[in-house]
Number of protein chains: 2
Amino acid sequence: MLYKHPKHYLAVDCVIFGYQDGELKLLIYPRSFEPAKGSWSLPGGFVQESESAEKAARRVLKKTTGLEDIFMEEVAVFSEPDREELARVVSVAYYALVRTDDYHLEQLKHFGAEWCPIVDLPELIFDHAKMVQSALLKLQQKASFDLIGAALLPELFTLTELRCLYEAIFQREFDPGNFRKKILSLGLLKKSDKKDPKGSKKGAFLYAYSEKKSEETSKERIVKL
Amino acid sequence: MLYKHPKHYLAVDCVIFGYQDGELKLLIYPRSFEPAKGSWSLPGGFVQESESAEKAARRVLKKTTGLEDIFMEEVAVFSEPDREELARVVSVAYYALVRTDDYHLEQLKHFGAEWCPIVDLPELIFDHAKMVQSALLKLQQKASFDLIGAALLPELFTLTELRCLYEAIFQREFDPGNFRKKILSLGLLKKSDKKDPKGSKKGAFLYAYSEKKSEETSKERIVKL
DNA sequence: ACAAAAGTGTTGTACCTACACCCATGG
DNA sequence: CCATGGGTGTAGGTACAACACTTTTGT
């Protein structure tokens, strides 16, 4: 006891977004230990001695999805003293974006995990529903500045797919023509020579990110007061 | 030991912004205990058993400034295992906005605290400089949506004062005429019948917030993708 | 041929920027 | 009477929403 102050359990919980069948989905799974064992919850874990909270979150992400090096960002701290039942646990929520088309789906089933549409979530334990709400807000903010689709869509995608993703994120529709023009004007996508025949008779060109890393926090939508 | 996981010291640190003499300032004070006793640091404290992190931050704020019910928002968690020297402490940073014209200045001096211009900070302990950087970014984001001046300026203020505040926050200039029109078009200010004679021969009308609480997260600058 | 999505063009409106220009007054 | 900041007006440009229109091709 170095300081005369209490110590606390510190956990991380991950709001993992995916995109499937035109819907924004969330990875949830049945909690594997007490309290509330069996109830739906966000993947989480405890922060260990020699890791930062972010590192703990990446560890959890790796364990539950098999994925590393994916986009992740802090949402907020949840620290109400009574937010869990058995003991006081302070939790840092993170949100992450993954490509659901990946191979690792069997690994998910192994834990009983499920991709659940964001608009139709079951009841979650503790304050996890609040975490999801906050995370969705953060995601919307993020997506309104950066062209975030990279992390959620496959390598190659059509502009219509990107639009549908944005419609899922913002829960509203975008004009197809205007959306296309706006996105292309950003100069962040490069057209491939391939076409996607699904989705229309004509076929739509596939695009990929040209990801000039340089323009991370891009200059679109600046202060503008 | 309910869980087989380590517990951690949990602290809060407050980035307290004020506005004086046309400059954005930060409240810093000499640390009162080891390690690094005497070095400049942000006001902080430890989270106790029965309080949330936010409540702890408000407690610290009250203790150092005497103020309650002021605007405050979470910045981020700082949890690198080695961020402090003597022990591992995870800290949640908050930023707050206060009116520096208030009475409570003697209380500050009592602790040796100082209002220091944001552009000319001394070296701060640990990762406190990083906290300030992150907090300033959050403040800019916040200010670009909401008319944040309320919390930093006196009850009544001129539009020029508000503009200078925004210039201090964004570290750039705004066209006086355009700024005035933009701000007034929001319909959030009400003109008083008083004039401020300082600052110009003509005198400038003083304004106050009409604060219809309803439009908290106002509709200005929505998704707009 | 025609439905349906891909993709392009047009037009009006809102807003932002830059800057010109009056107003009031203390020195 | 003039320099200074307060305050208003105007012209050009950009960006976006709404929507008409053309293209391509599977059925």
Side-chain angles (χ1 to χ4, degrees), chain A residues 21-22 140 143-147 149 153 156-168 170-208 218-225, chain B residues 21-22 140 143-147 149 153-154 156-168 170 172-208 218-225:
Chain A
D21 313 320
Q140 290 181 346
S144 74
F145 284 89
D146 303 322
L147 206 39
L153 293 171
L156 290 171
F157 52 87
T158 66
L159 288 174
T160 302
E161 283 169 339
L162 184 61
R163 176 171 51 83
C164 290
L165 169 60
Y166 265 78
E167 291 178 344
F170 288 101
Q171 324 247 45
R172 72 176 187 85
E173 298 198 336
F174 293 93
D175 179 279
N178 294 336
F179 185 86
R180 144 185 306 277
K181 273 175 291 187
K182 172 66 181 165
I183 296 297
L184 289 178
S185 79
L186 297 175
L188 293 174
L189 298 186
K190 62 169 185 295
K191 197 185 209 167
S192 77
D193 49 0
K194 287 182 271 298
K195 276 202 165 196
D196 175 23
K198 301 177 297 292
S200 87
K201 335 275 185 179
K202 187 178 174 183
F205 275 105
L206 291 162
Y207 287 78
S218 93
K219 244 145 313 267
E220 301 294 318
R221 295 213 347 120
I222 7 157
V223 184
K224 227 20 147 356
L225 173 84
Chain B
D21 313 320
Q140 289 181 347
S144 74
F145 283 89
D146 303 323
L147 205 39
L153 293 172
L156 290 173
F157 51 88
T158 67
L159 288 175
T160 301
E161 283 169 338
L162 184 60
R163 175 171 52 82
C164 290
L165 168 60
Y166 265 78
E167 290 177 345
F170 287 102
R172 73 178 187 84
E173 300 197 336
F174 294 92
D175 180 279
N178 294 337
F179 185 85
R180 145 184 306 276
K181 273 175 291 187
K182 173 65 182 166
I183 296 297
L184 289 179
S185 79
L186 297 176
L188 293 174
L189 299 185
K190 62 168 184 295
K191 198 185 208 167
S192 78
D193 50 0
K194 288 182 270 296
K195 276 203 165 194
D196 175 22
K198 303 176 295 292
S200 87
K201 335 275 185 178
K202 185 177 173 181
F205 275 105
L206 291 162
Y207 287 79
S218 91
K219 243 143 312 265
E220 301 294 318
R221 297 217 340 122
I222 7 157
V223 185
K224 220 35 146 341
L225 172 85

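Numbered from 1 within each chain, the chains take letters A, B, ... in sequence-line order. Both backbone and side-chain heavy atoms feed into the values below; hydrogens, waters and symmetry mates do not. Since the model is a prediction, treat every value here as computed from it, not as a measurement.
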Open item on the list: Once you apply a heavy-atom cut-off of 4.0 Å, does A/Thr160 come out as touching a base, just sugar-phosphate, or nothing?
Closed with: sugar-phosphate

- [ ] Would you kindly give the CZ-to-P distance between B/Phe205 and C/dT25, to the nearest whole Å?
- [x] 10 Å

- [ ] Return the set of residues passing salt bridge (charged side-chain N to carboxylate O under 4.0 Å, His left out) with B/Asp193 (not counting sequence neighbours), or none when no residue passes.
- [x] none

- [ ] Give the rounded distance in Å between these two atoms: CD of A/Glu167 and P of C/dA5.
- [x] 13 Å

Task: With B/Asp196 via salt bridge (charged side-chain N to carboxylate O under 4.0 Å, His left out) - residues at least two apart - done: B/Lys198

- [ ] With sequence neighbours left out, write down each residue that passes salt bridge (charged side-chain N to carboxylate O under 4.0 Å, His left out) with B/Arg163, or none if nothing qualifies.
- [x] B/Glu167

TODO: Could you state the atom-to-atom distance from CD of A/Glu161 to P of C/dA5 in whole Å?
DONE: 14 Å

TODO: Look at B/Arg180 and D/dT8 and indicate whether a side-chain polar atom (N or O) is within less than 4.0 Å of OP1 or OP2.
DONE: yes

Open item on the list: Return a single string for nucleotides 18-27 of chain D, one symbol per nucleotide in 5' to 3' order, where B is base contact, S is sugar-phosphate-only contact and - is none, cutoff 4.0 angstrom on heavy atoms.
Closed with: BB---BBBS-

TODO: Whole angstrom is fine here: how far is it from NZ in B/Lys198 over to P in D/dG6?
DONE: 12 Å

Task: By ring-ring contact (aromatic ring centres under 6.0 Å, His included) - contacts of B/Tyr207 (at least two apart) - done: none

Task: Separation of atom CZ in B/Arg163 from atom P in D/dG7, rounded to whole Å - done: 11 Å

Task: Those residues that, when tested against B/Ala204, pass side chain to side chain contact (heavy atoms under 4.5 Å, CB included) (two or more places apart) - done: B/Thr158

TODO: May I have the distance from A/Leu186 (atom CG) to D/dT14 (atom P), rounded to whole angstrom?
DONE: 17 Å

- [ ] Take the protein atom CD of A/Glu173 and the nucleotide atom C1' of C/dA5, then report the distance between them rounded to whole Å.
- [x] 15 Å

TODO: Return yes when atom CD of A/Glu173 has more than 12 non-hydrogen atoms of other residues, nucleotides or ligands closer than 6.0 Å, and no otherwise.
DONE: no

TODO: Round to a whole Å and report the spacing from CG of B/Leu184 to C1' of D/dT8.
DONE: 11 Å

